[in-house]
Number of protein chains: 2
Amino acid sequence: MKRVDEIVKKLSDAGLKITPQRIAVMQSLVEAKTHPTAEETYRRVSQSIPGLSPTTVYNVLDAFVRNGIVNKVKTDAGAMRYDPVTDNHHHLYCESSDRMEDFHDPELDRLLEEYFQNKKIHGFRLKDVKLQIVGEFENSKK
Amino acid sequence: MKRVDEIVKKLSDAGLKITPQRIAVMQSLVEAKTHPTAEETYRRVSQSIPGLSPTTVYNVLDAFVRNGIVNKVKTDAGAMRYDPVTDNHHHLYCESSDRMEDFHDPELDRLLEEYFQNKKIHGFRLKDVKLQIVGEFENSKK
DNA sequence: TTTTAAATTGTACAAATTACAATTTAAAAA
DNA sequence: TTTTTAAATTGTAATTTGTACAATTTAAAA
Ligand SMILES: [Mn+2]
Ligand SMILES: [Mn+2]
Ligand SMILES: [Zn+2]
Ligand SMILES: [Zn+2]
C-alpha cells in the first residue's frame, strides 16, 4: 500500500514516532476531505482500531498540529476541525450546513501578497492572511 | 451621559427591551475594544451589576447577535468573542497573545469585491469575505 | 395602575477538551 | 535479538464553555 508508506514518511519527517493510531488518524483525515472534528475522527478511526481512546485522538491531532503537518480550523459551530492540507489555501464555508471546502487560488494569493507588501500595517508584523469565504453551496446534497 | 443615550437608542432601534443588564453589557463591549469573551464580559459587568447571572450575559449577547448589533468572532483559541463594531471590517490577530484588533480598509474591500465579481466560484453563492490577518503586534504591551 | 410577554436568575445539564496517573509500546541501545 | 527507556496510549476525572428549563422579576403596553 503506497498510501500508508507516504503517511509513515510524513510522520517520520515530522520527527514523530510511528504508531498505528497516528497512521490511522492521518489516513482518516486525508481521506475525509471534510475538515472533520476530533469526535468525527474518533468515530471513523474506531472502526479500524477498536478500543481507541478519544483522548488519544485529541493527543494525536495536537501532536500533528504542533509539528505542522495538520492545521486547526474553526467555524461558527462548536468544535475545532482539522485540515491535513497545509499548503496555503482558503476556505469556502456555509453557515447553515456547517460545510467547509478548500479554495485554492494562487492568483488571489499573489494579489493579496502584492497588496500587503506595499501597504505595511503600523505596529504589526504580518505573517499570514487567511480568507473565510462565507456563502451557500448550491448543490447542498440534502 | 450621552453614551448611555446612544446605547439605549441602539437597543430600541433593534427592537430590544431596555434593561440595565443590556445597557451595561453593550457599554462594556464598546469600551473594551478587545473583542472580549462572554466570561470576560461577565466579570466586567458584574462590577456594576452585582448578582448578575452568567446566563444573562450569554442571553444578552445572543440577543444582540440575533438582532445584528453585535457580531460573533472566533479565533483558533477557545471561546467565542463579541464585536460591537458591525460595519464591514477585518481583524489583525496575534496567535501567541490571542490579541485581536480591528482592521478597516475600504481600498482592500474594493479590491476584493472587484476580484470576486469577476471570478465566480462554481457551485457557491458568495455572501461575504472576511480576512483574518495573522501576525505579531510589535508593541506587545508586556 | 394593571397586565402580560419578555427578561433574568439559579440550577442542572451537555459538549468539547484537558489533566493526570497507570500501562503499554516504539524504537534506540546494548 | 534482547533490553531499556522515553514517549504514546488509555481510562477516569476534571474543566471550560456554553445551553435548557422552570420560577421569579420586570419593562413597557394597555
Ligand atoms: Mn466534535
Ligand atoms: Mn470565556
Ligand atoms: Zn482546508
Ligand atoms: Zn472587530
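Residue numbers begin at 1 in each chain, while the letters A, B, ... track the order of the sequences. What you see is a predicted model, and the numbers here were worked out from it, not measured in a lab.
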Got a sec, which residues hit side-chain hydrogen bond (donor to acceptor under 3.5 Å, both in side chains) with [X], two or more places apart in sequence or on another chain?
X        : result
B:His104 : none
B:Asn88  : B:Asp109
B:Asn59  : none
A:Asp13  : A:Lys9

Starting from [atom2] on [N], measure out to [atom1] on [X] and report it in whole angstrom.
X       : N      : atom1 : atom2 : answer
A:Asp62 : D:dT9  : CG    : P     : 12 Å
A:Glu40 : C:dA15 : CD    : C1'   : 13 Å
B:Glu39 : D:dT15 : CD    : P     : 15 Å
A:Tyr82 : C:dT17 : OH    : C1'   : 9 Å
B:Ile49 : D:dT26 : CD1   : P     : 12 Å
A:Tyr42 : D:dT9  : OH    : C1'   : 13 Å
B:Met80 : C:dA15 : CE    : P     : 17 Å
B:Leu61 : C:dA7  : CG    : P     : 14 Å

May I ask you to check whether over 12 heavy atoms, not counting those of A:Lys33, lie within 6.0 Å of atom NZ?
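Open.
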
Compare every heavy atom of [Y] with every heavy atom of [X], then report the nearest pair and how far apart it is.
X       : Y       : result
B:Ile49 : B:Ala24 : CD1-CB, 3.7 Å
B:Gly78 : A:Lys74 : O-NZ, 2.7 Å
B:Arg81 : B:Tyr93 : NH1-CE1, 4.5 Å

Below 4.0 angstrom, which residues in residues 17-32 of chain B have at least one non-hydrogen atom near DNA chain C?
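Listed by number, they are B:Lys17, B:Thr19, B:Gln21, B:Arg22.
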
Does A:Ser28 have any side chain to side chain contact (heavy atoms under 4.5 Å, CB included) partners at least two apart in sequence or in another chain, and if so, which?
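Testing A:Ser28 for side chain to side chain contact (heavy atoms under 4.5 Å, CB included), a comparison that skips the adjacent residues, returns A:Thr41, A:Arg44, A:Val45.
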
List for me each residue that meets side chain to side chain contact (heavy atoms under 4.5 Å, CB included) alongside B:Glu114, sequence neighbours excluded, and say none if there are none.
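By the side chain to side chain contact (heavy atoms under 4.5 Å, CB included) rule, B:Glu114 matches no residue at all.
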
Answer yes when B:Arg43 and B:Glu39 have at least one side-chain N-carboxylate O distance shorter than 4.0 Å, and no when they do not.
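Yes, this pair counts.
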
Between B:Arg3 and B:Glu6, does any NZ, NE, NH1 or NH2 come within less than 4.0 Å of an OD or OE carboxylate oxygen?
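Yes, this pair counts.
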
Distances under 3.5 Å only, N/O to N/O: pair up the protein atoms with those of nucleotides 10-13 of chain C.
residue: C:dT11; atom: O4; partner: B:Thr55; partner atom: OG1; Å: 3.2

Please set out all donor-acceptor pairs under 3.5 angstrom arising from side-chain atoms of residues 120-131 of chain B, sequence neighbours excluded.
residue: B:Asp128; atom: OD2; partner: B:Lys130; partner atom: NZ; Å: 2.9

Under 3.5 Å, which donor-acceptor pairs do the side chains of residues 16-23 of chain B form with other protein atoms, sequence neighbours left out?
residue: B:Thr19; atom: OG1; partner: B:Arg22; partner atom: N; Å: 3.0
residue: B:Arg22; atom: NH1; partner: B:Lys17; partner atom: O; Å: 3.1

Pairs: protein N or O with nucleotides 28-30 of chain C N or O, under 3.5 Å:
none

Less than 4.0 angstrom between a side-chain N/O of A:Tyr58 and OP1 or OP2 of C:dT17, yes or no?
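The answer is yes; a side-chain N or O of A:Tyr58 sits under 4.0 Å from OP1 or OP2.
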
Helical stems, DNA chain D - three or more consecutive Watson-Crick or G-U wobble pairs below 3.5 Å:
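Ordered by first number, the stems with DNA chain D (at least 3 consecutive pairs each) read C:1-30 with D:1-30.
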
